[in-house]
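First comes the structure, then the notes that go with it.
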Amino acid sequence: MKYREYKNINYAEVADEVLEFWKKNDIFKKSVDEKEGAESFVFYEGPPSANGTPGIHHVMARAVKDIFCRYKTLKGYQVNRKGGWDTHGLPVELQVEKELGITKEDIGKKISVEEYNQKCREAVMKFKNEWDDLTEKMGYWVDLDDPYITFDKNYMETLWHLLKKFYDKDLLYKGYTIQPYSPAAGTGLSSHELNQPGTYRDVKDTSIVAQFKAKKTDATAKLFDGDEEVFFLAWTTTPWTLPSNAALAVGKKISYVKVKTFNPYTFLPVSVIVAKDLMGKYFSEKAKEIAFDDYKSGDKLIPWEVTGEFSGEDLVGMPYEQLMPYVTNDELEAKAFRVIPGDFVSTEDGTGIVHIAPTFGADDFLAAKLADVPGVMVKDETGKDVPLVDKQGRFVAEVTDYAGKYVKAEYYSDEENSAKDFKPTDVLIAIQLKEENKAFNVTKYEHSYPHCWRTDKPILYYPLDSWFIKTTAYKDRLVELNKTINWKPASTGTGRFGNWLENLVDWNLSRSRYWGTPLPIWVSEDKTEEICIGSIAELKVEIEKSITAGYMTEQIGEDFDLHRPYVDDVFLVSASGQKMYREPDLIDVWFDSGAMPYAQFHFMGDDPKADPVKEGGLKEVYPANFIAEGVDQTRGWFFTLHAISVMLFDKVSFQNVIANGLVLDKKGNKMSKRLGNAVNPFETLKKYGPDATRWYMISNANPWDNLKFDIEGVAESQRRFFGTLYNTYSFFSLYANLDGFTFSEKAIPLAERTESDQWVISKLNTLVKKVDEAYDEYEPTKAARLIQDFVIDDMSNWYVRLNRKRFWKGEYNEDKRAAYQSLYTCLKTVAKLGAPIAPFFLDRLYSDLNAVSGSENHESVHLSNFPVADEAAINIELEARMDMAQKISSLVHSLRKKERLKVRQPLAKIMIPVMNENTVSRVSAVKDLILNEVNIKEIEFLDDTSGVLVKSIKPNFRKLGKEFGPKMKDVSNLINAFDQDQIAEIEKNNSLTVDLNGEAITLTLEDVEIASQDIPGWLVASEGGITVALDINLTDELRQEGIARDLVNRIQNLRKDQGLEVQDKIKVSLRSDEEVVTAAVQAFNSYICEETQANELKLVDSLSAGQELDIDELKISAQIEVC
RNA sequence: GGGCUUAUAGCUCAGCUGGUUAGAGCGCUACACUGAUAAUGUAGAGGUCCGAGGUUCGAGUCCCCGUAAGCCCA
């Protein structure tokens, strides 16, 4: 049996072959089944939506997921990975609407809801095949045969089950939030619609700085001097919201001043409160000097004077008179019309005091809610609270002066708008306030304001009914349990996610849509009775009652679809006998995905930890040990998983999470199909294969950093890492096949192997330990870089380079076997370590090795076990001295280079100054390696007694800093100025007392670093505390040996030129007049023969078909013949 | 507007709890090596460590304020 040899490896082809092999032999299934009974490692797949084609970033995201599942499998866990599809939601709907050329308004008119939803159902799986294809080709192991699908009936039933649990815990309620709303279109707008280009436009609105009159009470006493009138100034660009004013917000840390002045419209004396930083906007420096007595009504310059200063904190709680008292009630009088804190208040513009209308601004709503300020509302005919503006955008009757008027001029018809005496409502309000001494400043203000993309008219922020999950009730617990989750990177957990939890608002579940999970709540006609349905069985029971009551005619069938419009046709009966209608909302699709831990197994129980899956529980599959998804999911999937799990089951749903970054193009721009800079994953995989693609992505940047994807980088990974690994394997297999090495012999004990064998095995075991740690800490990039460095630097560029000869030279003896065994172990171990990241190529490497040795009983690396580091094989001291050997070799190479002395020319000796006992013992141990590597005959150690060393000294800052602190500079100067005698003294006595500005201080050896810097008269190089001197004198013998080596080299070239096989034996004839050449041939005859596989080497007087060899200036011709 | 991340050589990235000459790979230039050869070695060029302040004997590293890019949320 031979090791497989490759002519020109094609990595993509290898991957294809391996993929075939996996398929044919069910390797993925086996990797799970073989672990039956083992501890499970639970992974949750965040479901992608298959309504678009996959991109290169999906390769990244899925590589991350795959790596840890494979790693844990190697570590002995059973890792089930159920695939999934996210199928509901807006993107699907928009795509269908685009395809059909319809808008939302056409649904139910041009197309029935039934047909529409059918289209969505088809569209959502449109690219499933492409996704499955990518999954396979990139080597992402996930169960695609039995995925969960969010539109599946069972899946949706679990969602109802969970919603019912929220409902029963009193955590599901109907309320309102402020949402973008288009009165012209009569519909709320999604943030997606608001993000359409052209939505935000610059418009000029009437802006008013209104005067809110402070009430005189104990709380406001400090505002008043005598019987003046004091007003808070607040600015608004939406005057129509002023009748709904319920509070004024200030920044707690902002400074405010009270300014005594006159109202510019009524000329009445007033004192106004405004942020100190914004005073300049309203009061001119010029007017400051004017005496109050000189002021006459109508003067342009109005005198002013600062008469007090307050912090925002001081103002909080102060009551004021309602500005436009159309609507009030007891609750408002008790809680509203006072100053509250708002952390969004700034001194960028306005007055530093913000007018709060809780019914018409999201910030307003929240700030008011926090301060327990109710909104200004009236009751409609059904007794429900409604805002002062109706859904058409007109004031309600209670706002008497403006009843029926549109709040925005744009809502009037063009005709009305262009009438001669037409005035927009905002202007009318401004006029009224000016007359009533309630306006301090009225101007036109240009700002950007969102418009409805369908009607082109400005939108309103308007309170709309929604169903909420009361997440705020569990805020503390959500925060607390989040702290037990291992976030990668940690900052996403504490920062982005942690802050999000700290500032939690209730989760708005409602979506006014068609394609999604319907809210399972039915409400009676008078809205007083409601019921939440938690399962299909429950629904059937209610329908039975409804049939009896006469609201339904028949029971739903077995194939009943839980989607709209079918559920909308179900009417139930309330306890009091009323007909009940389903609340028309769908639920947020994030609830779909956040519920996947339960819904993927159709969980309908109460305690997910109670029973195994077989019996309807989730015992073995909840919570997840690991999930990974894009950082953009922080407030999406990560949050909904966490919220549902904590609120219903008081448990985290995932213990470790990687939030990976984006994949950008090589310039750092976002990839988009529109810009044409998107990388096609299929092309990349086809050209470079999945291994190089994955390796590049993982090794180049941490998954949580954005990756600037450069296809050249993939090529580099392939060349550098896979090329080197492949070369090493080729080298190994070439000679192992010749020698028939199959690792059938017993492993040679480490202690009996060479220094470099022991070293590479030591390095390998250190590697195993570190890589294991890196994977275990969810640091795939660290793992990849460690493996790569080992393969390239340690295994290939050092171990193989130094030991090449042992593989191709001489008998198949103990030493050779040790070399084969060491290299084999390295290759096999690397295959296992890297297999999670590059699953195809490393499976092939493993299998190629194992096919011959049969040392492991696994048909794939993915069925094998992760290596265990052998601590006994790790020898730190050995690694340290090899490090020294590398440094010394590098220094000698550098010296040779300077003197143009090629490595083939042997040199007599190098000298190394001895700094401590370690030097001698360490260097001695690796002496042969060094001599061999740099072609030197001897190493000589120089100690102090030689008297030739020139030393350098520098302060040990770390140590001295603690001791001397501020005096460091002087101490440092002192030490740098030491002469050779002083250095010698401190070395000898381990202490030296010197004078520091008149103070005697004692330094010890620990306070300084001494290095030998120079050996006068020799060629010297030093680096990192090691110094090497090179003897460049050539003796005749050295010269001859140099020539002999050159001859070997030239003869080898001839062999190669003539196409000889490695094992062919030859006869060599040489002819030269040069004495030094003939001497060299005589002296090194057997050496040359051995090196060149020659049976015979002779000097002749003439050659029939000799070839000229060019060695330095010497003339030689040579002829070789195969024996 | 708020939160978070990133910024180090032409490019991609290291740089641990602060320690004085900031590293690697790729790319570029020159030389060497040549039974691993589309490999390898050595050397060279290339840095306001995004900017400004501060803490410190000492800052790429810590603090503050900015700038730019990106993501999420308003």
Side-chain angles (χ1 to χ4, degrees), chain A residues 8 178 191 194 343-346 348 361-363 366 461 489 491-492 494-500 502-503 505 630-636 639 659 661-662 664 666-670 696 699-702 704-710 712-713 715-717 719-721 723-724 726-732 734-735 781-782 785 788-789 792-793 796-797 800-801 804-805 807-809 889-898 900-904 933-934 954-962 964-972 976 1048-1050 1052-1053 1055-1056 1060-1062 1091-1093:
Chain A
N8 283 311
I178 310 304
S191 57
L194 221 53
D343 52 16
F344 52 87
V345 178
S346 77
E348 297 271 305
D363 277 343
L366 281 178
Y461 287 96
S491 59
T492 297
T494 53
R496 190 182 282 214
F497 195 68
N499 287 336
W500 163 248
E502 293 287 348
N503 299 308
V505 294
V631 67
D632 53 339
Q633 298 285 339
T634 307
R635 291 169 187 196
F639 172 67
L662 267 73
L664 308 168
K666 65 177 176 183
K667 288 181 191 148
N669 298 314
K670 209 177 162 178
Y696 161 70
S699 66
N700 192 60
N702 280 314
W704 38 88
D705 289 330
N706 289 346
L707 172 70
K708 290 183 196 160
F709 187 88
D710 186 356
E712 287 303 316
E716 187 186 320
S717 272
R719 261 203 319 271
R720 208 170 133 68
F721 175 67
T724 306
Y726 160 74
N727 266 336
T728 308
Y729 170 77
S730 301
F731 173 82
F732 167 83
L734 175 66
Y735 296 110
T781 306
K782 248 184 209 167
R785 287 177 179 170
Q788 182 165 312
D789 289 347
I792 296 171
D793 296 336
S796 174
N797 288 352
V800 173
R801 191 152 60 84
R804 269 187 306 210
K805 280 196 182 138
F807 290 88
W808 51 262
K809 205 170 142 184
S889 301
S890 160
L891 288 170
V892 175
H893 278 304
S894 148
L895 287 170
R896 276 180 170 275
K897 150 89 184 156
K898 251 184 227 156
R900 298 184 156 270
L901 286 163
K902 55 192 173 191
V903 179
R904 266 200 301 270
E933 169 68 9
V934 297
K954 70 175 187 180
N956 179 350
F957 286 94
R958 207 187 276 270
K959 172 132 198 315
L960 289 172
K962 289 200 184 82
F964 292 101
K967 288 183 234 160
M968 261 307 286
K969 251 194 183 122
D970 295 331
V971 178
S972 160
N976 284 329
V1048 169
N1049 166 243
R1050 300 307 191 274
Q1052 296 284 34
N1053 284 347
R1055 286 182 62 116
K1056 223 169 155 187
L1060 300 190
E1061 293 298 320
V1062 174
E1091 293 292 315
T1092 60
Q1093 309 272 342

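A, B, ... follow the sequence lines: proteins, then strands. Residue 1 opens every chain. Remember, predicted model here, so these are calculated numbers, not experimental data.
Formation of a donor-acceptor pair under 3.5 Å by the A/Asn503 side chain with backbone atoms of A/Asn499 is found in this model. A donor-acceptor contact shorter than 3.5 Å links the side chain of A/Arg801 to the backbone of A/Asn797. A side-chain donor-acceptor contact under 3.5 Å links A/Arg896 to the backbone of A/Val934. A donor-acceptor contact shorter than 3.5 Å is absent between the side chain of A/Asn702 and the backbone of A/Trp704. In this structure a side-chain-to-backbone donor-acceptor pair under 3.5 Å is present from A/Asn706 to A/Leu662.
Side-chain proximity of A/Arg719 to the nucleotides B/rU12, B/rG70, B/rG27 is greatest for B/rG27. Among the nucleotides B/rA36, B/rG27, B/rU42, the one closest to the side chain of A/Arg804 is B/rA36. Distance from the side chain of A/Asp705 is smallest to B/rU5 among B/rU12, B/rA36, B/rU5. Distance from the side chain of A/Met968 is smallest to B/rC57 among B/rG27, B/rC57, B/rU42. Here B/rA14 is the nucleotide among B/rU12, B/rA36, B/rA14 with the atom lying nearest to any side-chain atom of A/Asn702.
A/Tyr735 comes within contact range of the sugar-phosphate backbone alone, with a heavy-atom separation under 4.0 Å but no base atom that close. Counting any heavy atom pair closer than 4.0 Å across all strands shown, A/Val903 reaches no nucleic acid atom. When heavy atoms are screened at a 4.0 angstrom cut-off, A/Arg785 is found touching the sugar-phosphate backbone but no base atom. Within the 4.0 angstrom heavy-atom criterion, no nucleotide atom of any strand lies near A/Lys954. If you check every strand for non-hydrogen atoms under 4.0 Å, A/Gly961 touches a base.
In this structure, the CZ atom of A/Phe721 is 21 Å from the P atom of B/rA36, given to the nearest Å. Rounded to whole angstrom, the span from the CD atom of A/Glu716 across to the C1' atom of B/rA24 amounts to 11 Å. Nucleotide B/rC57 holds its P atom 12 Å from the NZ atom of A/Lys967, rounded to whole Å. Protein atom CG of A/Asn797 is 14 Å distant from nucleotide atom P of B/rU37, rounded to whole Å. Across the protein-nucleic acid pair, A/Asp710 atom CG and B/rC11 atom P stand 12 Å apart, rounded to whole Å. Taking atom CZ on A/Phe732 and atom P on B/rA36, their separation rounds to 15 Å, with Å as the unit. Here the C1' atom of nucleotide B/rC26 and the CG atom of A/Asp789 are 14 Å apart, to the nearest Å. The separation between A/Tyr726 atom OH and B/rU40 atom P is 15 Å, rounded to whole Å.
Looking only at side-chain heavy atoms (C-beta outward), A/Gln1052 and A/Gln1093 stay at 4.5 Å or farther from each other. Side-chain contact between A/Tyr696 and A/Phe709: present, with at least one pair of heavy atoms (C-beta onward) separated by less than 4.5 Å. A/Thr781 has its side chain out of reach of A/Ser699: every pair of non-hydrogen atoms, C-beta onward, lies at least 4.5 Å apart. In this structure the side chain of A/Leu707 reaches within 4.5 angstrom of the side chain of A/Asn700, judged on heavy atoms.
Here OG of A/Ser717 is found 6.0 Å from CD of A/Gln788. Values are rounded to the nearest 0.5 Å.
Using atom C1' as the reference point in both B/rA22 and B/rA36, the two lie 34 Å apart (nearest Å). A gap of 32 Å separates the P atoms of B/rG3 and B/rG58, to the nearest Å. Nucleotides B/rA39 and B/rG25 are separated by 15 Å at their P atoms, to the nearest Å. Nucleotides B/rA69 and B/rG54, compared at atom C1', are 26 Å apart to the nearest Å. The C1' atoms of B/rU12 and B/rA7 are separated by 14 Å, rounded to the nearest whole Å. Using atom P as the reference point in both B/rC49 and B/rU61, the two lie 10 Å apart (nearest Å). If you take atom P in B/rG47 and the same atom in B/rU5, they sit 31 Å apart, rounded to whole Å. If you take atom P in B/rC73 and the same atom in B/rG15, they sit 30 Å apart, rounded to whole Å.
Ranked by how close their nearest RNA chain B nucleotide is to the 5' end, A/Arg958 and A/Phe731 are led by A/Arg958. Position along RNA chain B of the nearest nucleotide to A/Ser491 versus A/Arg720 favours A/Ser491 as the more 5'-ward residue.
With hydrogens and angles left out, the side chain of A/Arg496 and the base of B/rC71 share a donor-acceptor pair within 3.5 Å. Taking only distance into account, the side chain of A/Ser796 meets the base of B/rA36 through a donor-acceptor pair shorter than 3.5 Å.
Between A/Phe732 and A/Tyr729, the two ring planes are tilted [angle within 30° to 60°].
Atom NZ of A/Lys959 has more than 12 neighbouring heavy atoms from other residues, nucleotides or ligands inside a 6.0 Å radius.
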Give me the distances for all protein-to-nucleotides 28-31 of chain B N/O pairs that come in under 3.5 Å?
none

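Between B/rC71 and A/Asn706, no contact under 4.0 Å exists linking OP1 or OP2 to a side-chain N or O. At B/rC73, none of the side-chain N or O atoms of A/Asn499 fall inside 4.0 Å of OP1 or OP2 (strictly under the cut-off).
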Report the secondary structure of RNA chain B in dot-bracket form, marking unpaired bases with a dot and bases paired to a different strand with |, and treating Watson-Crick or G-U pairs with both distances under 3.5 Å as paired.
(((((((..((((.....[...)))).(((((.......))))).....((.((..]....)).))))))))).
